K.L.:
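What follows is a single structure, and I will ask about it in a moment.
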Amino acid sequence: MLQQTRVETVLPYYARWLRAFPTVHALARAKDDRVLKLWEGLGYYSRVRNLHRAAQTVAREHSGKLPRTAEGLRQLPGIGRYTAGAIASIAFGERVPLVDGNVARVFARVFAIRANVKAPRTMQALWQLAEELVPARNPGDFNQALMELGALVCTPANPRCEACPMRRVCVARARGLVDQLPNRGRPQAAKRVVVSAALVRRNGSLLMQRRPDRGLLAGMWELPALRRGQFRKGKPLLELRHTITNRRITLRVFECQCGSALQDNLTADLRWVSATEIKRLSLPAAHRRAIKQILSAE
Ligand code: SF4
């Protein structure tokens, strides 16, 4: 939950999650929809699918116990080199390194590394450095200290060099390069996307569509995409903007009616859903907001 998400945001989700799934086995047994629903609003939904699959693997192949080495952990869905390093060193005391954005920034400054830290070759060099530096004794404390140094002292803007325990050995500070490092290459331009969706009603229910099981927002329910032939398009109801990872999305919702082909023949991914039932389904935040705004304005 904490990957890409702040602690304050995660806390209520975490408490609810542990009440619903107190053990790995409980999570492994849970239905996809229930797992997704408890994650709704946290975003980056591939995390929850991986977590669910990882719990199933741990229950099935490891008798419900998490592997205790970074190598074993990396076999689980969603656990990459960083997460494996963090769990193995902090929870199990294994001498393994980790590099996240904070650590990369600290290293780039302390060792005055000018290469683009996002480039695979530089990343490899940073991991190599971390591997050499991590001590056999309390490797978890060392790794946490490095990450905290980056999060609280060696911050992206206005680092607190005067209070920094590395100030005497930091090459960037000695050479006046602190503001220029790390080199993160050119920022990627955000992609703009316009999505048109159909709000179709029948006896107090709305027509909802389930997204495919793979890809962005997999398995979530949303207002159906406005496709020609499927719907008769009516008046515009609302336009809202939101951002998902690197996409700036404009969502336009139109009042629609089912086209004649669709009227009695809903495809398997389309369903009439009552207002109460919508609350129980997992929806992308933008669609939840759009429905709420439209219905409450009436
Ligand atoms: S001295 Fe400044 S730039 Fe160097 S590691 Fe510390 S906070 Fe970062």
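Being a predicted model, the structure only gives us computed values, none of them experimental. Start at 1 and go down the list; that is how both ligands and their atoms are numbered.
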K.L.:
Could you grab the protein N, O or S atoms closer than 2.8 Å to atom 2 (Fe) of ligand 1 for me?
P.N.:
Cys161 SG
K.L.:
Between Val153 and Val106, is any pair of side-chain heavy atoms under 4.5 Å apart?
P.N.:
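Not in contact.
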K.L.:
How about Val200 and Gln230: do any of their side-chain heavy atoms sit closer than 4.5 Å?
P.N.:
no
K.L.:
Just wondering, do Phe92 and Ile87 contact through their side chains at under 4.5 Å, heavy atoms?
P.N.:
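Yes. Closest side-chain heavy atoms under 4.5 Å.
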K.L.:
Salt bridge between Arg173 and Glu162, side-chain N to carboxylate O under 4.0 Å?
P.N.:
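A salt bridge is present here (some side-chain N lies under 4.0 Å from a carboxylate O).
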K.L.:
How does Val110 reach ligand 1, if at all, at less than 4.0 Å between non-hydrogen atoms: by side chain, backbone, both, or neither?
P.N.:
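Within the 4.0 Å criterion, Val110 contacts ligand 1 through side-chain atoms alone.
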K.L.:
Considering only heavy atoms from C-beta outward, does the side chain of Leu27 approach that of Val35 to under 4.5 Å?
P.N.:
yes
K.L.:
Is a salt bridge present between Arg280 and Glu277, judged by a nitrogen-to-oxygen distance below 4.0 Å?
P.N.:
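No, no charged N to carboxylate O under 4.0 Å.
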